[in-house]
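Below, read A as the first sequence line, B as the second, and so on, with proteins coming before strands; counting in each chain starts at 1.
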Protein chains: 2
Amino acid sequence: MTKTRVTVIDIANAAGVSKSTVSLVLQGSSLVNEGTRAKVNAVMRELGYVYNRGAANLRQAGAKSKIVGVVVNDLTNSFFAELAVGVDMVVQSAGFVQFLSNTSESIDRQREVVASMREHGISGLIVSPARATDAADFKPLVAAGIPVVVVVRNLPGAKVSSIVSDNQAGMMSAVKHLAGLGHKRIAFLGGFPDTAVFDDRLAGYRSGVEAAGLDYHEDLVVSSPPSRAGGVEAIGKAIALGRRPTAAVCFNDAVAFGVCDGLRARRLEPGADFAVVGFDDVIEAQAAVPALTTVSVDPQGIGRRGAQMLLKQINAGKAEAETVVTAVRLVVRESCGAGKTAPARTGKSVKIETGR
Amino acid sequence: MTKTRVTVIDIANAAGVSKSTVSLVLQGSSLVNEGTRAKVNAVMRELGYVYNRGAANLRQAGAKSKIVGVVVNDLTNSFFAELAVGVDMVVQSAGFVQFLSNTSESIDRQREVVASMREHGISGLIVSPARATDAADFKPLVAAGIPVVVVVRNLPGAKVSSIVSDNQAGMMSAVKHLAGLGHKRIAFLGGFPDTAVFDDRLAGYRSGVEAAGLDYHEDLVVSSPPSRAGGVEAIGKAIALGRRPTAAVCFNDAVAFGVCDGLRARRLEPGADFAVVGFDDVIEAQAAVPALTTVSVDPQGIGRRGAQMLLKQINAGKAEAETVVTAVRLVVRESCGAGKTAPARTGKSVKIETGR
DNA sequence: TGACATAATTGGAACGTTCCAAATATTTAT
DNA sequence: ATAAATATTTGGAACGTTCCAATTATGTCA
């Protein structure tokens with residue numbers, strides 16, 4: 001269609017000024033006379049000018065591309081979708097746009113998309129690293145002065161900022177809640193023991209148990225894949241135990257759903273005959289029957305916060321690696337046997353304050 | 001950190017060739033000698049060169065930016081999340097990256113993000129337009145030779161490609177299925193009557209009813225907001241009818257869930273006492289109790305297909321506005337009373353072939 | 001060996017912007 | 001009215017790549 005795009009020079013000619021002046025108004029410089037600014041703007045509108053960020057960026061030596069990269073491992077999981085929405089909100093209102101990619105837990109894919117994003121000149125990256133991500137993987141980025149914020153899963157050795165939810169406090173409050181309901185034998189179900197998140201949640205479980213004056217028994221923690229199927233498997237083992245537990249905190253909501261399935265298969269009604277608490281508060285948690293009592297981590301909030309952190313670092317020019325642990329709250333619904341709650345996503349909620 | 005980025009010239013010097021040669025190997029040209037190619041590649045790796053697409057793009061006169069824009073109205077809705085994943089899959093393997101933005105149904109937001117994407121030089125756009133989007137809104141884009149593919153909702157007057165699911169055939173098959181189960185009075189519940197999607201689905205309902213040899217009664221179609229609450233409202237009205245229906249097809253899954261709620265509030269068990277069928281097959285549909293019989297639209301497939309279409313147009317250089325209607329299939333689960341199905345997302349499924 | 005084809009390489013110029021130093025226009029103060 | 005200050009505007013020269021036309025190296029054929 002249009003042969004040649006409208007450039008700053010076209011505007012300059014049409015407005016009777018120099019390209020430099022046009023550039024100045026583009027940048028909102030206070031140096032230009034109000035009259036000329038108005039005229040230039042008018043001409044721009046008239047000719048349908050569109051700013052070429054690529055060119056601008058080229059000159060400005062990488063400083064500010066107005067693009068941030070976001071990579072998650074499973075957009076299909078509503079947890080990450082919400083996270084992305086949170087990022088988008090703050091990033092968008094700062095005039096940035098987000099490159100969003102999905103790795104499906106594939107580390108090769110992750111490398112590819114990060115490389116691609118880099119070629120496109122992102123000025124920052126928010127990433128929920130795929131399973132086997134090496135801490136050194138983001139070294140080149142930070143070496144190039146591109147701030148990186150790791151979310152959800154933390155990356156031990158890497159010198160990047162990170163923001164994770166307070167797994168420990170969350171699990172602890174879940175256990176305390178169950179203990180408060182009179183449960184004496186509370187199991188910890190699901191999750192792979194070789195991950196940092198598992199360690200944190202287990203630690204929280206342990207502190208909760210001890211804080212409630214109960215004994216910590218190793219046989220009450222049974223690991224399994226962090227999936228629905230894993231939950232079925234885990235509850236099966238737990239129920240076969242000598243002194244069987246009467247309640248369980250689960251590694252995440254998927255496991256919790258599986259636990260409910262397994263319970264029902266044994267003619268036990270979750271909530272009534274056995275209390276179960278999840279972790280994450282995925283959307284299905286409130287619609288399920290029974291509605292799942294769970295620890296809500298507010299993924300959208302994490303996204304927003306991560307984005308703010310990233311923007312701060314982008315603007316500061318230098319990236320101080322900083323770590324924040326976000327608050328988490330227990331949402332009491334039905335599956336713990338504490339009774340129904342009226343308002344959907346609310347209910348009795350225990351907010352857990354967080355350190356630095 | 002690193003003062004100055006590594007450029008093609010640095011590579012050229014280090015490898016003892018000219019920048020032109022380096023450029024050639026960058027583009028995989030067959031003109032360069034294998035030996036030099038290898039050496040250049042080695043040097044690039046050694047110096048940690050990263051390609052600057054912005055610069056390249058500048059020279060190549062807008063032709064190919066390797067960026068596609070994707071805008072959806074609600075990423076939080078798993079329907080759109082899956083769509084985005086579908087787009088990402090094909091786009092990624094074609095070496096593109098996607099700008100993904102969320103409009104939350106705000107048309108201003110939509111305008112902003114599209115403008116921003118344009119400044120960044122996207123070479124194509126996939127958009128699920130916000131509610132009140134004007135057909136003329138994408139005119140400038142196509143005028144600039146940037147192909148646009150509209151998905152999910154179609155945009156009547158716009159001369160852009162679009163891809164929507166076969167609402168009519170889907171609804172028709174749902175009705176036929178219910179009729180096959182012996183239902184004589186089947187209601188059409190939920191949705192706003194002023195939208196194209198509603199019209200299509202209603203038309204499908206009507207054809208289904210007639211194809212089954214039943215009479216079409218206007219009082220059996222009750223509109224309402226396309227939400228869970230709307231479903232409750234609609235089933236309330238439907239049940240108050242003189243000759244009350246024994247089954248219903250719903251505008252979408254949210255409505256269907258609401259219908260189930262409303263049924264239960266009246267001590268009627270969905271599936272057993274009243275058959276309900278949804279539309280969309282959102283993830284919750286299979287996990288719900290009873291599992292929802294619904295028309296599956298495969299959002300990820302739409303995403304993939306839309307992306308393919310877009311890439312084709314980008315490569316072709318010229319955009320023939322083309323319209324495709326994607327196949328849809330009825331997934332029979334429990335809520336229609338046809339009995340339980342063993343495998344999760346499968347069950348008896350009726351694939352509906354689609355025209356052009 | 002010379003003439004010619006072919007393979008491989010190469011130096012600018014260009015893409016659309018921003019930056020800089022310098023030029024010009026306008027005020028202000030004397 | 002003139003110097004000094006201030007407000008505005010302006011030509012290049014970059015930024016890192018690709019393209020083009022032209023050059024040089026290598027091979028082939030008689």
Exercise. The side chain of A:Gln27 lies closest to which of these nucleotides: C:dC19, C:dG16, D:dT9?
Worked result: C:dC19

Problem set entry | d(CG, A:Leu24; C1', D:dT8) in whole Å | 9 Å

Exercise. Among the nucleotides D:dT10, C:dG16, D:dG16, which one has an atom lying closest to any side-chain atom of A:Thr7?
Worked result: C:dG16

Problem set entry | Between P of D:dG16 and CZ of A:Arg53, the distance in whole Å | 20 Å

Exercise. Is it true that B:Arg153 and B:Glu105 have a side-chain N and a carboxylate O under 4.0 angstrom from each other?
Worked result: yes

Seminar exercise, completed: To the nearest angstrom, the NZ-P distance between B:Lys66 and D:dT18 comes to 13 Å

Exercise. Given atom CG of B:Asn57 and atom C1' of C:dG16, what is their separation to the nearest angstrom?
Worked result: 11 Å

For this session: Using only heavy-atom distances, decide whether a donor-acceptor pair under 3.5 angstrom links the side-chain of B:Ser20 to the base of C:dG11.
Result: yes

For this session: From the options D:dG16, C:dG11, C:dT18, select the nucleotide whose nearest atom is closest to the side chain of A:Gln60.
Result: C:dT18

Problem set entry | Trace of the side-chain contact (heavy atoms from CB on, under 4.5 Å) decision for A:Leu83 with A:Val152 | CA-CA 10 Å; A:Leu83 188 132; A:Val152 184; 3.7 Å; yes

Exercise. Does any residue of residues 30-45 of chain B have a heavy atom under 4.0 Å from DNA chain C, and if so, which ones, in number order?
Worked result: B:Leu31, B:Val32, B:Asn33, B:Thr36

Exercise. Touch check for A:Ser23, heavy atoms < 4.0 angstrom, all strands: base, sugar-phosphate only, or nothing?
Worked result: base

Seminar exercise, completed: Atom CG of A:Asn13 and atom P of C:dG16 are separated, to the nearest Å, by 13 Å

For this session: State, yes or no, whether a side-chain contact exists between A:Gln92 and B:Arg109 at a heavy-atom distance under 4.5 Å.
Result: yes

For this session: Report yes if some heavy atom in the side chain of B:Thr326 is under 4.5 Å from a heavy atom in the side chain of B:Asp298; otherwise report no.
Result: no

Problem set entry | Minimum-distance nucleotide (side-chain atoms of B:Lys19 versus C:dT17, D:dG11, D:dT18) | D:dT18

For this session: For B:Leu58 and D:dC15, give me the distance from atom CG to atom C1', rounded to whole Å.
Result: 9 Å

Problem set entry | B:Pro140 side chain reached by B:Arg118 side chain, heavy atoms, under 4.5 Å | yes

For this session: Classify the side chain of B:Arg59 versus the base of D:dT17 as yes if they form a donor-acceptor pair under 3.5 Å and no if they do not.
Result: no

Exercise. Is a side-chain N or O of A:Gln98 found less than 3.5 angstrom from the main chain of A:Val70, in a donor-acceptor match?
Worked result: no

Problem set entry | Candidates C:dT9, D:dT18, D:dG16 - which lies nearest the side chain of B:Thr21 | C:dT9

